[in-house]
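Encoded as structure tokens, the structure appears first; notes follow it.
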Protein chains: 2
Amino acid sequence: MKITMKEIAKLANVSQSTVSRVINGNKGVNEEAAQRVLEVIEKVGFIPNKAAQTLKRSKSHIIGVLLTETYNPYFVELIDKLESESRKRGYNILLHVSNRNPIVEWESVQNFIARQVDGMIIIPSGEYNIERISKLPIPSIVMTQNWKPIDSIGLDHILAGKMVAEKFVLSGHKTFGFVGTAPDEKFLGFSSGLQENGVEFADKNYIVLQETSTNNFLIRRDIDAYLEQAGGTVDFTCCFAANDIMALEFMRAIEDRGMKVPEDISIIGFDDTYLAKIMGISSVHQPIEEMVNTTLELLLDRVENEVTSEPVQIKLNPTLVERSSSNLKK
Amino acid sequence: MKITMKEIAKLANVSQSTVSRVINGNKGVNEEAAQRVLEVIEKVGFIPNKAAQTLKRSKSHIIGVLLTETYNPYFVELIDKLESESRKRGYNILLHVSNRNPIVEWESVQNFIARQVDGMIIIPSGEYNIERISKLPIPSIVMTQNWKPIDSIGLDHILAGKMVAEKFVLSGHKTFGFVGTAPDEKFLGFSSGLQENGVEFADKNYIVLQETSTNNFLIRRDIDAYLEQAGGTVDFTCCFAANDIMALEFMRAIEDRGMKVPEDISIIGFDDTYLAKIMGISSVHQPIEEMVNTTLELLLDRVENEVTSEPVQIKLNPTLVERSSSNLKK
DNA sequence: ATATTTTTTTAAAACGTTTACAAACCTTTC
DNA sequence: GAAAGGTTTGTAAACGTTTTAAAAAAATAT
């Protein structure tokens, strides 16, 4: 039923290995014979079986990409770029989404292995599986945050937090808010940045969001809950949000309650996704293009050159894109 | 280097075929031997090579998913659901993005074939490749719109357009706007819906957006251009947008110019993505869950049961979710 | 002419599985 | 105690490629 190199060989009156050579552009094939083979291939529409190639070559030209979630447009912009850049380089993308479930995460990694991926790009759900992933014989790289004993690439979140803190302080703000899930490097940077500038972050101004991957409406729910409990207002004049959706939802929530952005409250988000651009939200820029290119370069270098140097942690520098949601001094 | 069934066999003191039987849970293996095999597998962490399995079984358990673009959150919600549901059913996702380029689209399909996917789910860039895709020996299904000689599933866009038209008319509107790329079924339904209700759509109220997949900022640019040319205002009191982003961008654009939504203009978007939910935009709902489930059911039925009945076109019914961007009569 | 080198071709062994078939081993049963 | 039956096991072929090693053919030199 299915057409294979064997039939091509028969039709072109050569041996199978000759067909293979032609397909792979190997030297030492008579010009005329090669022509005949190509014609037959064209005529019958033969497409080589990559499962067989993978088996024989021990190379699949597949990259496993594991996302935590898709509700954040940032990850989507990332995967879009990843797909096109990988394809350009001759690799295809096998996609998994862990929904921040460490068990699913590990299963996905196992699946990648079973599928013989040449490399894996992982946005981890936490540190749960980092250790064992780093021990795998397959090149793997962690994106969007730096993790320790593994190749990783990400913005310098600490620095980003500090940068925002400094901006706020220099613009005259005295009280500060933060929207995010459990305290992370962004928050760490933010609060220590405040300290370095002689002010203190007040814990009650931390709007804690439940960690969630599937349902972004919890964000608004948690923000509303916070605002209700706080009496419909807020004890700070500027606010840093851990991503653009949070920034947007926070903005909508306080505007619904009559506060004005940026007059009453300045807001800065994170990721600089199209959401921030559309909505005019100031945001810490993620250089997606640079990130993807660097990631693929490193990963494919490991894949193709069997380099086994120490894992590296690549930190990218944050920049702030100012829009109408914040009123900052230059 | 790489560990195979052969070593497992040796270590467990059985033949390779026995190992295979154990792994696949086949009957006729001595309980004690099976136990031994499982222990060895566990101990050395053996994972069967799916490339070899694919080759032998002529079944990859991979589904090729081809998207046009990712800027529209609707497609993202779709792919997220597709990934999780496929995984639940034992299939993995190979992802391609065509960026509405018919050549890339066809290359992706060829790649799917080479990769031995069991089925393909395609959001097409147009009709360019539909014909030849429908002729492939691999089950394929087109999503989000109905296309003719191929399995397809999508909202009834005509009906959706009519529904919106009717809603607007019944709510007392007399002038109507539309935001979208080249006229499609949504617009067709919308304008014929108006006609059926005794009113006419004025061509000058069609805000034409350049077809684009990579850069959503063109949307705002085109809307601004239209508004400038129209003197900063608009000749209609209600507007239907072909997707939620367009609705959102249009809303922002007219609000920036001092018009009020919904007091001056009612807006209804399309897809009912989280964007619409967050921003309070009325929108025609896409039943993503139902769509994905129906798609997979049909596709996997074709894959697993070799059913070769005629292609079907499945039409889903639109419903309208009303939010604060429109002021409609019940 | 033949010997030598070079080019082109083929046959066959892998890659890691699954599976049809046959062999070996137990039980029963008469 | 042998025939019949059922389990369990192993051998080997196959899936569709790539690639090595060797054979064949062609080209060149002597």
Side-chain angles (χ1 to χ4, degrees), chain A residues 1-38 40-41 44-62 110-118 137-138, chain B residues 1-38 40-41 44-62 110-118 137-138:
Chain A
M1 176 69 230
K2 217 151 207 181
I3 189 148
T4 74
M5 271 178 38
K6 225 196 225 168
E7 355 287 345
I8 305 293
K10 203 169 294 169
L11 291 173
N13 234 320
V14 294
S15 76
Q16 200 186 129
S17 39
T18 299
V19 177
S20 172
R21 284 206 192 80
V22 172
I23 286 177
N24 295 296
N26 285 354
K27 69 284 165 145
V29 174
N30 177 296
E31 179 57 36
E32 188 201 351
Q35 208 47 48
R36 234 179 322 139
V37 169
L38 287 175
V40 175
I41 288 179
V44 306
F46 167 70
I47 301 179
N49 181 329
K50 281 201 196 282
Q53 291 182 328
T54 297
L55 180 58
K56 188 74 236 273
R57 294 184 170 146
S58 317
K59 186 126 196 334
S60 63
H61 280 268
I62 292 183
Q110 309 244 90
N111 182 267
F112 287 158
I113 298 174
R115 293 263 180 223
Q116 311 296 113
V117 301
D118 293 335
I138 300 175
Chain B
M1 176 70 229
K2 217 151 206 182
I3 190 150
T4 73
M5 271 179 37
K6 226 195 225 170
E7 354 289 343
I8 304 294
K10 202 169 294 169
L11 290 175
N13 234 318
V14 295
S15 77
Q16 200 186 131
S17 43
T18 299
V19 176
S20 172
R21 286 198 191 91
V22 172
I23 286 176
N24 295 296
N26 285 353
K27 70 282 163 150
V29 176
N30 176 294
E31 179 57 36
E32 190 201 349
Q35 207 48 47
R36 235 180 320 140
V37 169
L38 287 175
V40 174
I41 289 179
V44 306
F46 167 70
I47 301 180
N49 181 328
K50 280 201 198 282
Q53 291 182 329
T54 297
L55 180 57
K56 188 74 236 276
R57 294 183 172 146
S58 317
K59 186 126 197 333
S60 63
H61 280 268
I62 292 183
Q110 310 244 90
N111 182 267
F112 286 158
I113 298 174
R115 293 263 181 223
Q116 312 296 113
V117 301
D118 293 335
I138 299 175

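Order of the sequence lines fixes the chain letters, A, B, ..., with proteins taken first and strands second; residue numbering starts at 1 for each chain. Here the structure is a predicted model, which is why all the values come from computation and not from measurement.
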Spacing of A:N30 atom CG relative to C:dT6 atom P, expressed in whole Å | 19 Å

Okay, side chain of A:N24, backbone of A:N26: is any donor-acceptor separation there less than 3.5 Å?
-> no

How close or far is atom P of C:dA14 from atom NZ of A:K59, stated in whole angstroms?
-> 24 Å

Separation of atom CG in A:L55 from atom P in C:dA14, rounded to whole Å = 14 Å

Could you give the CD-to-P distance, from A:E7 to D:dC15, as a whole number of Å?
-> 10 Å

Is there a donor-acceptor contact under 3.5 Å linking the side chains of B:S15 and B:T18?
-> yes

Return yes if some donor-acceptor pair links the side-chain N/O of A:R36 with the main-chain N/O of A:A12 below 3.5 Å, else return no.
-> yes

Whole-Å distance between D:dG16 C1' and A:K2 NZ?
-> 11 Å

Which heavy atom in A:F46 sits nearest to a heavy atom in A:I8, and how many Å separate them?
-> CB-CD1, 3.6 Å

Just how far, in rounded Å, is P of D:dT9 from NZ of B:K27?
-> 14 Å

The contact string for nucleotides 17-26 of chain C, one letter per nucleotide 5' to 3', using protein heavy atoms under 4.0 Å with B, S and - for base, sugar-phosphate only and none, comes out as BBBBB-----

Return the value, rounded to whole Å, for the distance between atom NZ of A:K50 and atom C1' of D:dT17.
-> 12 Å

Distance, rounded to the nearest Å, where A:K10 contributes NZ and D:dG16 contributes C1' = 14 Å

Return the minimal non-hydrogen interatomic distance between A:R21 and A:V29, and the atom names on each side.
-> CB-CG2, 3.6 Å

Using a cut-off of 4.0 Å on non-hydrogen atoms, how would the nucleic acid contact of B:A51 be classed: base, sugar-phosphate, or nothing?
-> nothing

NZ of A:K59: more than 12 outside heavy atoms within 6.0 angstrom?
-> yes

